[in-house]
Amino acid sequence: MRSLEDKAFVSFVIENYYEIYSLNFDSAILMTAEARQMAETNGWIQQAAYASLYHGVATFLRGDYEQSLPSYLYALTIFDSLQDHRGVGRTSIELAGFYHKNGQYEKANETADQAQTAALLANDTKTLGTYYGFKMTFLMRQEKYDEAHPYMLKAFEIRKKDQDSIGLGYAYLDFAEYELRKGNLEAAQQYVDQSTAIRKLIGDDQGVAINSVITGENYFHVGQYKKAIPFFKKSIEQATPIGYTDLIRFGYDMLQQSYVKLGDYEKAYDHLQQAQVFNDSIFGLEKSKALLTLQTQYETEKKEKEIELLSVENELRAAEIINANNRFYASIGGIVLLIFIGYLVFNRYQQKQRALLAEEKAISQKLGFKSLIEGEEKERKRIAQELHDGLGQLLSTARLNVSAMEDRVEKLVTKQWENSIKLIDEAVTEVRHISHNMMPNALISIGFEAAIKEQAHIINDAQKVKVHVDLPSEKIDLPESEAIALYRVIQEILNNALKYAEAKNIWLTISNNESLSISIKDDGKGFDTNLIPTSAGIGWQNIHSRMEILNGEIRIISSPGQGSEISLKLAV
């Protein structure tokens with residue numbers, strides 16, 4: 001009788017898992033775990049695998065990645081052994097999503113292709129639809145829209161043919177992302193609304209919460225930050241009752257970014273702290289490292305079992321030939337060895353904890369400085385724009401007005417008029433120089449190389465030092481924040497050479513092969529590099545800090561009377 005009750009419960013959980021976790025993740029986690037235990041106890045191996053798969057889905061969506069990965073791998077091992085292609089396909093596509101979420105993009109793509117192969121063998125159209133949606137998203141992230149579009153249409157046709165309401169909810173989101181990437185906000189939002197209508201109709205609470213945050217993201221990406229904020233808040237409210245931790249964390253993170261864009265740094269900081277609370281619960285250092293080892297453990301499982309079996313056989317043979325005295329001494333030796341190993345493990349644990357604390361502190365300091373630098377660059381950009389658009393325009397207008405009076409100027413005041421024109425021209429030039437130093441227009445408008453050339457041109461115009469620039473033929477493609485940080489490093493080094501080196505020539509060489517390499521060499525008087533750590537100025541400190549944020553390397557070669565060479569290197 002008890003077995004029949006267990007079977008009914010296990011079947012109910014497996015057949016209705018989506019509805020269960022759509023209502024509440026915590027309940028879904030408990031029910032799938034209980035269903036797996038019941039199936040294992042009764043020897044229902046295939047049902048145990050499906051229960052473990054859905055336990056992995058629920059814990060993944062809940063944000064507990066440390067539990068989800070072993071649940072997926074347990075299910076995949078059983079499905080492989082049973083040659084259950086349907087189970088292999090459905091588990092593999094969920095694993096692909098897991099790897100993509102954790103930044104393992106190559107592994108994600110490989111696992112998704114394995115899911116497609118299994119789904120074709122099993123004629124599982126549901127998994128095929130999910131695969132096409134995954135491939136579409138993967139290609140869209142790489143801005144390969146033409147390649148992504150056929151996958152999007154295939155996914156939609158499968159969902160429509162199967163009358164899969166759950167899948168259609170996802171398919172409309174694929175259409176929305178495609179339209180948004182093309183810049184069609186209104187069309188994108190219409191597809192999100194269609195998805196939301198379906199998800200409300202089938203009682204998909206977690207899907208409705210996801211759609212709220214997607215709506216907020218749509219407005220955020222087109223710069224409508226005030227419109228985005230209510231949807232992020234709404235998503236958090238919807239995700240909280242069902243325990244959707246990862247979505248709550250993401251909602252707070254997007255609120256923080258929105259308030260930064262609006263210049264409300266107090267609210268941004270409050271929401272950053274909220275996001276960090278949930279982020280710490282999902283991505284602790286120990287959890288992150290544990291996840292990296294679980295996949296390796298799975299892939300080496302068969303080999304470990306062979307070693308374990310051989311070890312057992314050897315122990316049995318040894319037991320047959322070892323007498324009681326030898327066993328006694330072996331036991332004593334084993335106890336001593338265990339105590340020694342325990343001491344080593346404990347000592348290593350303490351060292352590991354100290355290292356982790358130091359690592360966390362370093363990461364925290366690095367993030368703090370990065371935020372400070374980014375804030376400083378935003379303020380530089382704002383001030384430069386105001387100088388250029390405000391004061392610069394006023395001065396230009398004033399010059400036009402003064403120039404217009406040229407024919408009316410009496411000879412008596414000709415000198416004063418000419419001096420006025422000269423002073424206004426000098427003021428315009430000075431404003432442009434200040435604006436350029438704050439944030440060079442070339443860096444924002446036409447790229448990193450143009451900004452470097454412009455900086456060299458400004459120095460060369462002064463006719464005190466000759467800057468020789470050698471740039472690669474191919475474009476240096478850097479994100480804006482990295483390009484600004486690297487430009488500031490080069491600008492600081494050039495300024496140091498101008499102020500202190502007394503050089504006649506500066507050679508600036510950039511090569512872009514496997515990594516981006518920059519050499520700045522001068523024929524000046526050089527300096528003692530041992531004095532850099534004790535320097536009172538902050539120039540070298542800023543250079544080293546920015547290179548650390550860029551994960552780059554810096555090498556300084558100089559000595560008195562021998563000139564200087566500073567080499568920079570970073571991955572691109």
Side-chain angles (χ1 to χ4, degrees), residues 358-359 361-377 380 437 439-440 443 447-456 459 465 467-472 474-503 505-572:
E359 183 180 351
K361 184 177 179 180
I363 291 172
S364 177
Q365 289 175 341
K366 184 175 179 180
L367 288 174
F369 187 78
K370 183 179 181 182
S371 299
L372 181 64
I373 291 296
E374 289 176 348
E376 178 185 319
E377 292 299 343
R380 281 174 177 265
N437 285 331
M439 184 58 63
L443 183 61
F448 178 78
E449 297 97 325
I452 294 297
K453 289 178 181 177
E454 187 178 33
Q455 180 67 28
I459 296 171
V465 180
V467 180
H468 309 269
V469 179
D470 184 9
L471 299 176
E474 67 274 16
K475 187 178 187 308
I476 301 172
D477 191 13
L478 290 171
E480 182 177 315
S481 60
E482 293 184 17
I484 291 173
L486 184 56
Y487 175 84
R488 292 297 181 208
V489 171
I490 295 172
Q491 189 181 47
E492 187 71 37
I493 295 171
L494 289 174
N495 285 337
N496 283 346
L498 292 173
K499 290 179 182 178
Y500 309 114
E502 298 178 5
N505 293 278
I506 300 175
W507 293 271
L508 171 56
T509 305
I510 301 178
S511 60
N512 187 13
N513 297 319
E514 295 181 357
S515 61
L516 190 62
S517 299
I518 300 158
S519 171
I520 303 172
K521 187 176 181 181
D522 66 65
D523 58 1
K525 64 181 182 179
F527 63 98
D528 186 356
T529 57
N530 294 321
L531 299 177
I532 291 176
T534 60
S535 173
I538 63 171
W540 285 113
Q541 180 183 344
N542 284 339
I543 290 170
H544 282 284
S545 297
R546 282 192 167 93
M547 288 304 295
E548 185 177 349
I549 289 172
L550 292 168
N551 292 321
E553 300 172 7
I554 179 169
R555 188 165 63 107
I556 304 167
I557 301 174
S558 183
S559 60
Q562 299 298 319
S564 303
E565 181 176 5
I566 292 91
S567 300
L568 311 173
K569 185 177 182 181
L570 63 153
V572 292

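Keep in mind that this is a model prediction, so the values were computed, not measured.
Partners of D477 under the side-chain hydrogen bond (donor to acceptor under 3.5 Å, both in side chains) rule, at least two apart in sequence or in another chain, do not exist in this structure. Among residues two or more places apart in sequence or in another chain, the side-chain hydrogen bond (donor to acceptor under 3.5 Å, both in side chains) test is passed with N513 by none. Residues satisfying the salt bridge (Lys or Arg N to Asp or Glu O under 4.0 Å) criterion with K453, sequence neighbours excluded, are absent altogether. Judged as a side-chain hydrogen bond (donor to acceptor under 3.5 Å, both in side chains), and not counting sequence neighbours, the contacts of D523 are N505. Under the side-chain hydrogen bond (donor to acceptor under 3.5 Å, both in side chains) criterion, H544 pairs with no residue at all, not counting sequence neighbours.
If you take CZ on R546 and CD1 on I490, they are separated by 12.0 Å, rounding to the nearest 0.5 Å. Going from atom CD of Q491 over to atom CD1 of I484 covers 11.5 Å, rounded to the nearest 0.5 Å. The CG atom of L494 sits 7.5 Å away from atom CD1 of I452, with the distance rounded to the nearest 0.5 Å. Between atom OG of residue S511 and atom CD of residue E474 there is a gap of 9.0 Å, rounded to the nearest 0.5 Å.
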Could you tabulate the donor-acceptor pairs under 3.5 Å formed by side-chain atoms of residues 565-572, not counting sequence neighbours?
unit_1	atom_1	unit_2	atom_2	d
E565	OE2	S519	OG	3.1

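The shortest heavy-atom contact between F448 and Y487 is CE1-N, 3.9 Å. Of all the heavy atoms in A497 and D522, the pair that sits closest is CB-OD2, 4.2 Å. What you find for K475 and N512 is that their closest heavy atoms are O-ND2, 3.9 Å.
With hydrogens and angles disregarded, no donor-acceptor distance shorter than 3.5 Å links the side chain of T509 to the backbone of D470. E449 places a side-chain N or O within 3.5 Å of a backbone atom of I476 that can act as its donor or acceptor partner. In this structure a side-chain-to-backbone donor-acceptor pair under 3.5 Å is missing from S564 to G526.
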I518 and L508: CA distance, side-chain angles, deciding distance, side chain to side chain contact (heavy atoms under 4.5 Å, CB included) verdict: CA-CA 7 Å; I518 300 158; L508 171 56; 3.9 Å; yes

From CA spacing to verdict: side chain to side chain contact (heavy atoms under 4.5 Å, CB included), M547, L550: CA-CA 5 Å; M547 288 304 295; L550 292 168; 4.3 Å; yes

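In this structure the side chain of N496 reaches within 4.5 angstrom of the side chain of I543, judged on heavy atoms.
Considering I520, L486, L471 in turn, L471 is the only one that fulfils the side-chain contact (heavy atoms from CB on, under 4.5 Å) rule with I510.
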